[in-house]
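Just follow the structure's listing: the first ligand is 1, and inside any ligand the first atom is 1.
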Amino acid sequence: MRIATVVGARPQFVKTAVVSRAIEEYNSGCYGPKIEEILIHTGQHYDGNMSDIFFKEMRIPKPNYSLGLGGGFQGAMTGRMLEHLEQVLMKVKPDAVLVYGDTNSTLAGALAAVKLHIPVAHVEAGLRSFNMNMPEEINRILTDRISHWLFCPTATAINNLRQEGFKDCCCEGHNDANPLLAIVGDVMYDAALFYREIAVASPGIASLIHRLGKRQFYLATVHRAENTEDATALAGIFRALNVLAGKIPVIMPLHPRTKKNIYGRRLEIQNINIVDPVGYFDMIVLLENCRGVFTDSGGVQKEAYFFQKPCVTLRQETEWIELVTSGYNVLAGADYDRIIAAEKDIATMTVKLDEMLFGDGHAGEQIVKLLARLIPEG
Ligand code: UD1
Ligand code: UDP
């Protein structure tokens, strides 16, 4: 059977690394017909340190199609992807299309497939921020609505789908009107467990950590549209991080979108150790060695928890609400006073891992076994 996987943005490379490896393992066993995976990279992220480095480090198979469709406004980018993905899918004729998360590449992949009557599997289904101003919220709601198999990472995610009227049904009982819902765990947890065993920092990051000292720095990332495109929000975040960095070093791998906006708005950066976006291995080593995390990333909030670090989330809300309920993640928005107060809350916090919150570290295998059972061969 043939699966076409559509990826395009950094977090999707981390997620596909897990599932592609699980497909390889499945194929090397004697479980049934082999799965052929065709990897399609939309090119949403295209810089070497936003894309290629992940393929190299995580040994993700080279994409069969690299479409080079990054950049531009939301609608134009999604529209270009839809047009090109339709062409590719008509050629490849997969039995199913696999998409991850909530980016424009996710929505374009799902939409191109469903219009060709190809069933869609959505990994990281059911997440909601309940903020329709986020492009990601629109992407994930629409993708869930047109998917046949909804693989949820958490109990919260499956409950969100039930609230929206999706009904549970058994593997055999699902159909176009009633997609299959399954809690499989979080593939990013699988990734963290697997790659932490082999991750080695690059010389630059290793020497920065050595210079600052273990647990003597905070790790920060910022890239969300609602922060980078809003002058007040971006100024609030950087004013707070400037002050914190005067007390405890802050390392910030800087997303290209944020870089453009900081320099475009001539924001002052003081004390913060700004570095270029890093690869996943550097990120793991930074997470392992930091004292805590400040981020507006979805993935990095969870990774802070996986590496038992407290997190201040630079957003008003989060899809990973269980981390806020547990007290390990403090929502601070982009407000200077709230960020400074949140740092006091987390400064000495110890994070205890509840092993089952994000699954058992085998989400990838579960997804592949379900796909092998569910996909009708064409
Ligand atoms: C996208 C996703 C977001 C995800 C993030 C992961 C959508 C709507 N947003 O946001 O959900 O959290 O990826 O990082 O899909 N750029 C470069 N080089 C690159 C990539 C981007 O310079 O390799 C610059 C370009 O100016 C581009 C801008 O960053 O226009 C924004 O990139 P885009 O992919 O549209 O959005 P992200 O903010 O990266
Ligand atoms: N990441 C990385 N290098 C960086 C910043 C992030 O490898 O400089 C990784 C991070 O560890 C996580 C993924 O990229 O695995 C998350 O991507 P991002 O924050 O861009 O997107 P989001 O999760 O918010 O969609």
Examine D296 against ligand 2 and note whether any of their N/O atoms are separated by less than 3.5 Å. no
Is the closest basic N to carboxylate O distance between R2 and E37 below 4.0 Å? no
Check whether the side chains of T106 and N139 place a donor and an acceptor atom closer than 3.5 Å, and report yes or no. no
Please check whether R10 reaches ligand 2 - meaning an N/O of the residue sits under 3.5 Å from an N/O of the ligand, judged on distance alone. yes
If you count the atoms of ligand 2 from 1 in the order shown, which ones are under 4.0 Å from a heavy atom of V14? 15 (O)
Determine whether a donor-acceptor pair (N or O, by modelled atom type, separation under 3.5 Å) exists between the side chain of N271 and the backbone of V243. no
Atoms in ligand 2 flagged as close to F54, the criterion being non-hydrogen separation under 4.0 Å: 2 (C), 7 (O)
Could you tell me which atoms of ligand 1, counted from 1 in the order shown, lie closer than 4.0 angstrom to a heavy atom of M77? 35 (O)
Might you point out which heavy atoms bring T42 and S105 nearest each other, and give the distance in Å? OG1-OG, 2.8 Å
Just by distance, no angles: are the side chains of D144 and H122 close enough, under 3.5 Å, to form a donor-acceptor pair? yes
Minimum heavy-atom distance between A201 and D282, given as atom pair plus value: CA-OD1, 3.2 Å
Which of the numbered atoms in ligand 1 are under 4.0 angstrom from any heavy atom belonging to D47? 17 (C), 18 (N), 19 (C), 22 (O), 23 (O)
Verify whether the ring centers belonging to F13 and Y280 lie closer than 6.0 Å. no
Considering only heavy atoms, which of M134, H223, E136 lies nearest to atom 12 (O) of ligand 1? H223
Using a plain distance cutoff, I'd like to know if G299 has any nitrogen or oxygen under 3.5 Å from a nitrogen or oxygen of ligand 2. yes
What residue and heavy atom of the protein are closest to atom 19 (O) of ligand 2, and at what distance? S297 OG, 2.7 Å
Near Y280, which atoms of ligand 2 are under 4.0 Å from a heavy atom of that residue? 7 (O), 15 (O)
Residues K302, E124: salt bridge by 4.0 Å N-O rule: yes
Ligand 2 atoms in contact with G279 (distance to a heavy atom under 4.0 Å): 7 (O)
Determine, stepwise, if the pair T103 / Q12 fulfils side chain to side chain donor-acceptor pair (under 3.5 Å). CA-CA 9 Å; T103 72; Q12 292 165 334; 2.9 Å; yes
Taking the cut-offs as 6.0 angstrom to the six-membered ring centre and 45 degrees off its axis, would you call R291 and F217 a cation-pi pair? no
For H255, is at least one N or O under 3.5 Å away from an N or O on ligand 2? no
Worked check of side-chain contact (heavy atoms from CB on, under 4.5 Å) between Y305 and V351: CA-CA 7 Å; Y305 175 72; V351 174; 3.8 Å; yes
Just to confirm my output: which protein heavy-atom neighbour is closest to atom 27 (C) of ligand 1, and how far is it? Y46 OH, 4.4 Å
Quick test: of every protein heavy atom, which one is nearest to atom 25 (O) of ligand 2, and how far off is it to 0.1 Å? P11 CG, 3.4 Å
Salt bridge check, R315 against E317: does any charged N sit closer than 4.0 Å to a carboxylate O? yes
So the atoms of ligand 1 within less than 4.0 Å of a heavy atom of M50 turn out to be 23 (O)
Answer yes if the side chains of T5 and T16 hold a donor-acceptor pair under 3.5 Å, and no otherwise. no
Who's closest to atom 20 (C) of ligand 1 heavy-atom-wise, of Q12, E137, H45? H45
Filtering Q44, R140, K259 for the heavy atom nearest atom 34 (O) of ligand 1 leaves Q44
Any nitrogen or oxygen of E303, side chain or backbone, less than 3.5 Å from one on ligand 2? yes
Answer yes or no: is there an ion pair linking E303 with K309, defined by an N-O contact shorter than 4.0 Å? no
Relative to the heavy atoms of H223, which atoms of ligand 2 are at a distance of less than 4.0 Å? 18 (P), 19 (O), 20 (O), 21 (O), 24 (O)
Tell me whether H255 has any N or O atom under 3.5 angstrom from an N or O of ligand 1. yes
Salt bridge check: are R257 and E229 linked by an N-O gap of less than 4.0 Å? yes
Which bit of S105 is near ligand 1, meaning a heavy atom under 4.0 Å away: side chain, backbone, both or neither? neither
In ligand 1, which numbered atoms sit nearer than 4.0 Å to a non-hydrogen atom of K260? 25 (C), 26 (O)
Hey, does M188 come in under 3.5 Å of ligand 2, counting only N/O atoms on both sides? no
With respect to Q74, determine whether any N or O atom, backbone or side chain, lies less than 3.5 Å from an N or O atom of ligand 1. no
Salt bridge between E319 and R128, side-chain N to carboxylate O under 4.0 Å? no
If the contact criterion is a heavy-atom separation under 4.0 Å, does P11 count as touching ligand 1? yes
Salt-bridge criterion met for K115 and E86 (N-O under 4.0 Å): no
Using distance alone, decide if ligand 2 has a nitrogen or oxygen within less than 3.5 Å of any nitrogen or oxygen in G298. yes
For ligand 2, which atoms sit closer than 4.0 Å to a heavy atom of P253? 8 (O)
For atom 2 (C) of ligand 2, closest protein heavy-atom neighbour: V278 O, 3.5 Å
Proximal atoms of ligand 1 relative to D102 (non-hydrogen, under 4.0 Å): 11 (O)
Under a 3.5 Å threshold, yes or no: a donor from one side chain and an acceptor from the other, between Y195 and E57? no
Quick one: does K15's side chain have a donor or acceptor within less than 3.5 Å of a partner on Y100's backbone? no
Please write down residue, atom name and distance for the protein heavy atom closest to atom 30 (O) of ligand 1. G71 CA, 4.0 Å
Which protein non-hydrogen atom lies closest to atom 8 (C) of ligand 1, naming both residue and atom, and how far is it? N104 OD1, 3.4 Å
Among all protein non-hydrogen atoms, which one is nearest to atom 36 (O) of ligand 1, and what is the separation to 0.1 Å? R257 NH1, 3.2 Å
Starting from atom 9 (C) of ligand 2, locate the nearest protein heavy atom and write down its residue, its atom name and how far away it is, to 0.1 Å. M283 CG, 4.3 Å
